[in-house]
Trainee: 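I have a structure here, written as structure tokens, and I will follow up with some questions on it.
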Amino acid sequence: MRFISWNVNGIRACVNKGFKDAFDNFDADILAIQESKMQKDQLLLETPGYHQYWNYAKKKGYSGTAVFTKKEPENVILGMGIEEHDQEGRLITLDMGSYYFVCVYVPNSQNELKRLDYRMKWEDDFRAYLGALKKEKPVILCGDLNVAHKEIDLKNPSTNHHNAGFTDEERGKMTELLESGFTDSFRQLYPDKEDIYSWWSYRFNSRERNAGWRIDYFLVSDDAKDKIKDAKIHTDVYGSDHCPVELDIDL
């Protein structure tokens, strides 16, 4: 099975930058997007052969997620059932029968880390949510986790050490999540692969210089990690400041 995850940084803008061509070319079993930045009925996106599920933020033009799946899920859950966290459309869970597919857009700690405390609360509650799912069946988690876990995962670790996305606190929560029973699919297959990133700032010609961060992931619960076939980062696909990431797995 082929799964794709992509932070599109505004689906309406991305549609004008080749989203549909990329969508068709991937021919994924499930494709998930983050940061849709839209409300219901602001865009009619036709995807023949796919069921669509959207979670919109209450705030217009902000956050939001969506999942497109060929197979209809048995159930769809929007959010994690905690009102504090469920206002920004950040989470969609599909019950696919033999596994859960989870799409997430983790909150950014923001400039001067003004949202770091909230981020820590989110991390703990989200990890508990995933833990409950994992007790039932395997979990495939994808999305923009807004953290570069190790120094290998960003171009300039020393100058970014205390910046949002590379604080000790955020990296520690990522470690806790992995230690709770999840595998980073890309690092499982390519533990020493350098200079492969999924996000580049629009400033300073960052993408041209490949001064990026790997903050988009597919995590697989450990009970399914042996079924991972490949993990890819599609750095040649444009349309957003993020590129799509892929998981190929035999489920």
Side-chain angles (χ1 to χ4, degrees), residues 1-57 61-80 86 88-106 133 137-145 185 198 216-221 224 227-234 236-251:
M1 301 185 77
R2 173 183 294 161
F3 300 141
I4 298 288
S5 177
W6 192 5
N7 180 322
V8 294
N9 192 11
I11 184 61
R12 288 170 293 171
C14 194
V15 162
N16 293 324
K17 299 176 183 177
F19 174 81
K20 194 58 169 58
D21 287 341
F23 184 99
D24 292 341
N25 288 337
F26 281 129
D27 190 29
D29 293 282
I30 302 178
L31 187 145
I33 65 170
Q34 303 85 43
E35 214 172 350
S36 59
K37 293 184 175 180
M38 64 169 266
Q39 305 301 118
K40 186 177 181 181
D41 299 327
Q42 285 188 310
L43 173 70
L44 176 60
L45 186 60
E46 295 185 357
T47 55
Y50 286 85
H51 304 273
Q52 298 185 16
Y53 303 96
W54 296 78
N55 194 1
Y56 307 103
Y62 179 73
S63 188
T65 49
V67 180
F68 307 82
T69 173
K70 289 182 177 178
K71 178 184 175 183
E72 185 174 5
E74 295 185 2
N75 190 29
V76 179
I77 304 165
L78 304 182
M80 64 175 87
D86 291 348
E88 298 177 354
R90 293 183 177 276
L91 184 61
I92 300 176
T93 302
L94 305 187
D95 182 347
M96 300 304 294
S98 59
Y99 64 96
Y100 285 111
F101 185 94
V102 180
C103 167
V104 67
Y105 176 39
V106 171
L133 294 181
K137 63 186 81 172
V139 175
I140 307 297
L141 166 65
C142 74
D144 177 357
L145 302 190
S185 61
S198 65
D216 301 272
Y217 296 83
F218 268 100
L219 304 186
V220 176
S221 57
K227 299 179 180 181
I228 296 171
K229 298 302 181 184
D230 201 359
K232 302 173 184 175
I233 300 179
H234 291 280
D236 58 334
V237 177
Y238 286 72
S240 169
D241 52 350
H242 295 249
C243 73
V245 297
E246 177 176 340
L247 172 68
D248 299 326
I249 189 167
D250 185 14
L251 285 174

Trainee: For Tyr100, does the six-membered ring have the charged nitrogen or CZ of Lys137 within the cation-pi criterion, i.e. under 6.0 angstrom from the centroid and within 45° of the normal?
Mentor: yes

Trainee: Of all heavy-atom pairs between His242 and Trp6, which one has the smallest distance, and what is that distance?
Mentor: O-NE1, 3.0 Å

Trainee: Look at the aromatic rings of Phe19 and Phe68 and report parallel, tilted or perpendicular, splitting at 30° and 60°.
Mentor: tilted

Trainee: Which atom pair, heavy atoms only, marks the closest approach of Glu88 to Ser63?
Mentor: O-OG, 2.7 Å

Trainee: Can you tell me how far apart OG1 (Thr65) and CG (Leu78) are? Round to the nearest 0.5 Å.
Mentor: 7.5 Å

Trainee: Show the nearest heavy-atom pair for residues Val237 and Ala22, with the distance to one decimal.
Mentor: CG1-CB, 4.2 Å

Trainee: How long is the span from the SG atom in Cys243 to the CD1 atom in Ile233, to the nearest 0.5 Å?
Mentor: 6.5 Å

Trainee: Do Met80 and Asp86 have side chains that get closer than 4.5 Å, going by heavy atoms?
Mentor: yes

Trainee: List the atom of Glu72, the atom of Tyr53, and the distance in Å for their closest heavy-atom pair.
Mentor: CG-OH, 3.9 Å

Trainee: Is it true that, when you exclude Glu46 itself, more than 12 heavy atoms of the residues, nucleotides or ligands shown sit nearer than 6.0 Å to its CD?
Mentor: no

Trainee: Between the side chains of Asp230 and Arg2, is the shortest nitrogen-to-carboxylate-oxygen separation below 4.0 Å, so that they form an ion pair?
Mentor: no

Trainee: Is the Phe23 ring parallel, tilted or perpendicular to the Tyr50 ring (thresholds 30°, 60°)?
Mentor: perpendicular

Trainee: Using the rule side chain to side chain donor-acceptor pair (under 3.5 Å), only one of Asp241, Asp144, Asp216 pairs with Ser198; which is it?
Mentor: Asp216

